[in-house]
2 protein chains.
Amino acid sequence: MYYQIMYIRFMNKSTLYKGCLEPIIMRLLKDNERMYGYQITQMVKEITKGELKITEGALYPLLHRLEGQGIVETEMENIGNRVRKYYTLTKVGKKQTTVALDELKTFMQSLNLIINPKPAF
Amino acid sequence: MYYQIMYIRFMNKSTLYKGCLEPIIMRLLKDNERMYGYQITQMVKEITKGELKITEGALYPLLHRLEGQGIVETEMENIGNRVRKYYTLTKVGKKQTTVALDELKTFMQSLNLIINPKPAF
DNA sequence: AAGCATACATAAATTCCTTATGTATTACCA
DNA sequence: TGGTAATACATAAGGAATTTATGTATGCTT
């Protein structure tokens, strides 16, 4: 029985993405159909070339909440001696995803208007 | 002495912009040099055509914190019988603003990579 | 054998915001 | 002239979304 320290800690630009995690996860599930938690963290890291990192402490409780809300459903799978928990969007979840992504896109456009204003000519 | 109800309440897509308020304010101060709190709320509303609205409960404590951190400095101005508190970026604040905006832009690009993935060709 | 990656999970603490409330002046309009 | 909305500041309580920290366990590599 090993008592190891988790060396990998997820952070950087921490406060910036409060509230965006849910739509990020829903987006990935929309495109990939079936994903497990760890896979989500890795995919986000890959896509953003290490810029965005999801902490487990944020991810797992969120996934559990989405399951409780009927947005995702799960199935366990045994990989050798290890267990993976796969998440899939439900029918309701797919609709919700569209809404959530539209909201996020609108928000990003608004933010862009402020941060990168167009010249007046 | 009137006991009035504040009818204007700021909200919508609430959770999405946690953490972005600080760079938003710094961005506006960078471009406009001298601004007062209420003016900031109005400008954000105008620029985003009503999409983003800043609550006073978020704005004022944040401005006070930025002042405490030496990022902005203030001067009071009397407009008739009313007082306005003008905020200006300090030298340190201007440097911090560049950093904060770079971080936010990088974050927005990362978010965009996930939400609006480019086709593979 | 040690350390890293994989894979899940939860609890405490923190941060950032909303909601609510308070005070006061000025403008409008019916 | 009286009520409402807009202007302009402020703070406190509460909530939601995260970080930080910790725990458990397997598998791979060196």
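Below, chains carry the letters A, B, ... as their sequence lines are ordered, and counting in each starts from 1.
The distance from atom CD of A:Q42 to atom C1' of C:dC4 is 12 Å, rounded to the nearest whole Å. Rounded to whole angstrom, the span from the CD atom of B:E46 across to the C1' atom of D:dA6 amounts to 14 Å. One interatomic measurement links the two molecules: CG of A:L66 to P of D:dA16, which rounds to 15 Å at whole-angstrom precision. Rounded to an integer number of Å, the gap from CD1 of A:I54 to P of C:dA7 is 15 Å. A:Q39 places its CD atom 9 Å from the P atom of C:dA7, with the value rounded to the nearest Å. Rounded to whole Å, the distance from CE on A:M26 to P on D:dA17 is 13 Å. Separating the CG atom of B:L59 from the P atom of D:dC9 is a distance of 8 Å, rounded to the nearest angstrom. For the pair A:L21 CG and C:dC17 P, the interatomic distance rounds to 17 Å; values are reported in whole Å.
Checked against C:dT10, C:dA7, D:dT18, the side chain of A:Y38 finds its nearest nucleotide in C:dA7. For A:N81, the listed nucleotide lying nearest its side chain is D:dG27; candidates were D:dG27, C:dA7, D:dC9.
Residue-to-nucleotide contacts include a donor-acceptor pair under 3.5 Å from the side chain of A:E56 to the base of C:dC8.
Considering only side-chain N and O atoms, B:K85 lies under 4.0 angstrom from the phosphate OP1 or OP2 of D:dA10. Between A:T55 and D:dT18, a side-chain N or O to OP1/OP2 separation shorter than 4.0 Å is absent. Side-chain nitrogen and oxygen atoms of B:H64 include at least one within less than 4.0 Å of the OP1 or OP2 phosphate oxygen of D:dT11. Look at A:R65 and you won't find any side-chain N or O under 4.0 angstrom from OP1 or OP2 of D:dA16. B:Y60 has no side-chain polar atom (N or O) that falls below the 4.0 Å cut-off from OP1 or OP2 of D:dA10.
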Chi angles and distances behind the side chain to side chain contact (heavy atoms under 4.5 Å, CB included) call for A:L29, A:V72: CA-CA 9 Å; A:L29 285 174; A:V72 296; 3.7 Å; yes
Test log, rule salt bridge (charged side-chain N to carboxylate O under 4.0 Å, His left out), inputs B:E77 and B:K85: CA-CA 6 Å; B:E77 197 165 305; B:K85 198 166 170 184; over 6 Å; no
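B:T90 contributes a side-chain N or O that, together with a main-chain N or O of B:G70, makes up a donor-acceptor pair within less than 3.5 Å.
Heavy-atom contacts from other residues, nucleotides or ligands closer than 6.0 Å to NZ of B:K105 number more than 12.
If you find the closest nucleotide of DNA chain D to A:G80 and to A:E22, the one lying nearer the 5' end belongs to A:E22. Each of A:R82 and A:L63 lies near DNA chain C, and the nucleotide nearest A:R82 is the one positioned closer to the 5' end.
Side-chain atoms of A:N32 and A:I40, non-hydrogen and from C-beta on, never get closer than 4.5 Å to each other. The shortest side-chain heavy-atom distance between B:I25 and B:Y87 does not fall under the 4.5 Å cut-off.
Of the listed residues (A:R65, A:R27, A:Q96), just one forms a side chain to side chain donor-acceptor pair (under 3.5 Å) with A:E22, and that residue is A:R65.
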Any protein N or O atoms within reach of nucleotides 28-30 of chain D? Criterion: under 3.5 Å, listing atom names and distances.
none

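Using a 4.0 Å cut-off between a side-chain N of Lys or Arg and a carboxylate O of Asp or Glu, A:E75 and A:R34 qualify as a salt bridge.
A:G57 comes within 4.0 angstrom of a nucleotide base, judged by non-hydrogen atoms across all strands.
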